[in-house]
Amino acid sequence: MNSTIDKTLEHVLFLARHLDKCNARGAVIVMLMELGIPTNSVGFELILYSILLQHRDPTRALKSDIYLETKLHYRQFSEEQVEQAIREVIRSAWSRGSRAAWDWYFSYEEKTVSRKPTNSEFISRIAYILELWQECTRKEDCYER
Amino acid sequence: MKDKVKACPGKELKQMATDQLDALLQTELQKEHPDESVVLPILQELQEREKDYPVKIPEGIEERMTGYRDRIHTVVDKPKRKRTKTIRIAAVAAVVCIVLMAIPRTVGAESVFQVLHRWTEDFFEFLSPGGNNDNPTVEYRFETDNEGLKQLHDVMVAEGVTNSVVPTWLPEGYELLEIKTEAVSDTKKVFAKFRNGTKEMLVSYKINQKHTTTKYERGISEASEYEINGVTHYIIENEENISIVWMSETIESIIVVNEENEIVRRIISSIYLEG
């Protein structure tokens, strides 16, 4: 195995090998589960929807836009409630999720992740990893064994 | 099969071929509510297998991903702010706010009543509504070539807003995509989205904002202040976007835009065209 490849890319390639027939929603669900986001919480659905929004339109780095769209989609929440629910699930996952998984997704050049990401950092990071995953699943070389 | 996985995940999974595990995983993920007690053990088993039989990473994969490290955001190097100092500052700010509110208006309290705000590890927020316009008698005019700004101004006037809060200038190319209005209890919200190619700008106003105010998620930098015509605007950078927030009496205004600092300041300055 190439020793210079970093943890994030290594894990994305792993996901690309085993989730090649998945859609983007399925891939994000796996990522959130690995990070320890509780799947039975309202925040799980909200953060999933927000990440897919961000992924579909990367220019949408504007939190008020994403929160507004998420709020309009789910109808029962205000923007503040959306933001709060997302922040709460991230906080919960940070305390219960595995450190290895957080390193896969948030480490950089072999340094371990040192603090809980903010909402926007989390959403944009996972959306970009999803983009990497999509890139890998299109390429035949990603299946080489 | 799924019940068997749940009941004794380790044993059953080890007996399944990798292709079968992949198929089971993808079947589970196609459901509306995938079960993590099925998904996570399968992933763990697959990772165990690859540890014993490492997969060859194709050559050139890293080169194909060149540039992704620069784009991907990191959380590693950002300093952790101490909470105790922040709590102390917030407490002092709250006390000052209470003291200032207690000063009778007849002794000139209005001139010292400033908009208070605070930083926490994650947020910037206003602690109190209230204006800090030191030039209440100056009237500003609204003149613009941008049709979208004209529409936004008309909407604000229809909502009874007489304060100057709408910019009169934007860089060339910005077009209005949508304006939405919403009423939440006694607060009205006006929200406008502009687009210029791949860039977006959001303008949001909360009118009659008497109680809690919005929290603005911050990046690693502090808010800088930009004072113009006696009004203090707080410029907050978060990733590639700049948010400008300010209070004008009971109107909380925010503009979020992906532009250079100079352009941002020019947009703000254009609000105050003297009549």
Side-chain angles (χ1 to χ4, degrees), chain A residues 1-2 4-6 8-10 12-15 17-23 25-27 29-30 33-34 38-40 59-65 68 78-80 83 87 106-109 111-121 124-125 128-129 131-132 135-136 139 141-142 144-145, chain B residues 18 21-23 25-26 28-30 33-36 39-40 42-43 46-47 50 53-62 64-65 68-69 71-78 80 122 180 184 191 193 195 198-202 204 212 214-219 238-241 243 254 256 258:
Chain A
M1 190 172 288
N2 186 344
T4 64
I5 206 165
D6 68 19
T8 303
L9 186 53
E10 194 175 329
V12 169
L13 289 170
F14 166 78
L15 293 178
R17 283 191 291 277
H18 299 288
L19 300 179
D20 53 309
K21 292 185 180 57
C22 252
N23 56 15
R25 182 175 181 273
I29 287 174
V30 164
M33 283 180 178
E34 287 186 314
T39 54
N40 55 356
T59 61
R60 235 192 265 238
L62 308 167
K63 292 179 300 303
S64 52
D65 189 19
L68 179 67
S78 66
E79 286 164 57
E80 287 80 13
E83 181 272 324
R87 187 158 36 99
F106 291 92
S107 70
Y108 182 68
E109 289 183 346
K111 292 179 192 170
T112 55
V113 59
S114 58
R115 67 167 180 84
K116 175 182 73 68
T118 61
N119 284 17
S120 59
E121 285 168 347
S124 58
R125 178 79 176 215
Y128 189 64
I129 288 177
E131 197 181 318
L132 280 183
E135 179 73 19
C136 281
K139 302 203 186 296
D141 281 356
C142 289
E144 192 176 327
R145 287 186 180 268
Chain B
T18 302
L21 289 176
D22 284 349
L25 180 62
Q26 297 193 60
E28 187 65 28
L29 289 171
Q30 278 163 9
H33 299 290
D35 189 343
E36 66 177 3
V39 170
L40 293 179
I42 293 174
L43 287 171
L46 290 168
Q47 280 170 330
E50 292 199 357
Y53 301 98
V55 172
K56 182 182 170 187
I57 304 294
E59 284 189 23
I61 192 76
E62 272 208 272
R64 278 210 293 275
M65 296 295 161
Y68 95 91
R69 286 194 187 88
R71 287 179 59 190
I72 209 158
H73 302 290
T74 72
V75 298
V76 173
D77 297 325
K78 294 177 185 177
K80 193 173 177 180
D122 298 322
K180 292 179 192 169
V184 179
F191 169 84
K193 190 195 291 190
R195 181 169 280 171
T198 56
K199 294 183 190 176
E200 281 190 350
M201 183 179 89
L202 296 186
S204 170
T212 56
T214 311
K215 291 180 183 174
Y216 302 96
E217 197 168 18
R218 53 167 292 188
N238 192 345
E239 295 163 10
E240 66 270 23
N241 294 305
S243 301
I254 173 169
V256 186
N258 179 359

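Since the structure is predicted, the reported quantities are computational estimates derived from the model, not experimental observations. First the proteins, then the strands, lettered A, B, ... as listed; each starts at 1.
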**Student:** With the side chain counted from C-beta on, respond yes when R17(A) and T18(B) share a heavy-atom pair under 4.5 Å apart, and no when they do not.
**Tutor:**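 SC-SC contact between R17(A) and T18(B) ruled out.
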
**Student:** Determine whether E200(B) and V256(B) make a side-chain contact, defined as any pair of heavy atoms from C-beta on separated by less than 4.5 Å.
**Tutor:**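 When only atoms from C-beta onward are counted, V256(B) and E200(B) do not touch, as no gap falls below 4.5 Å.
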
**Student:** Between Q30(B), K180(B), E36(B), who has the most heavy-atom pairs with chain A when the cutoff is under 4.5 Å?
**Tutor:**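 Looking at each option in turn, the highest pair count goes to E36(B).
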
**Student:** Against chain A, label L43(B) side chain, backbone, both or neither, depending on which of its atoms sit under 4.5 Å from a heavy atom there.
**Tutor:**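 Contact with chain A involves both backbone and side-chain atoms of L43(B).
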
**Student:** Do T39(A) and H33(B) have side chains that approach each other closer than 4.5 Å (heavy atoms only, starting at C-beta)?
**Tutor:**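 No; the side chains remain at least 4.5 Å from each other.
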
**Student:** Checking L19(A) against chain B: side chain, backbone, both or neither under 4.5 Å from a heavy atom?
**Tutor:**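 Contact with chain B is through both the backbone and side chain of L19(A).
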
**Student:** In terms of heavy-atom proximity below 4.5 Å to chain A, should L46(B) be classed as side chain, backbone, both, or neither?
**Tutor:**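 Both backbone and side chain.
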
**Student:** Rounded to the nearest 0.5 Å, what separates atom CG in L13(A) from atom NE2 in H18(A)?
**Tutor:**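 Atom-to-atom, L13(A):CG and H18(A):NE2 are 10.5 Å apart.
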
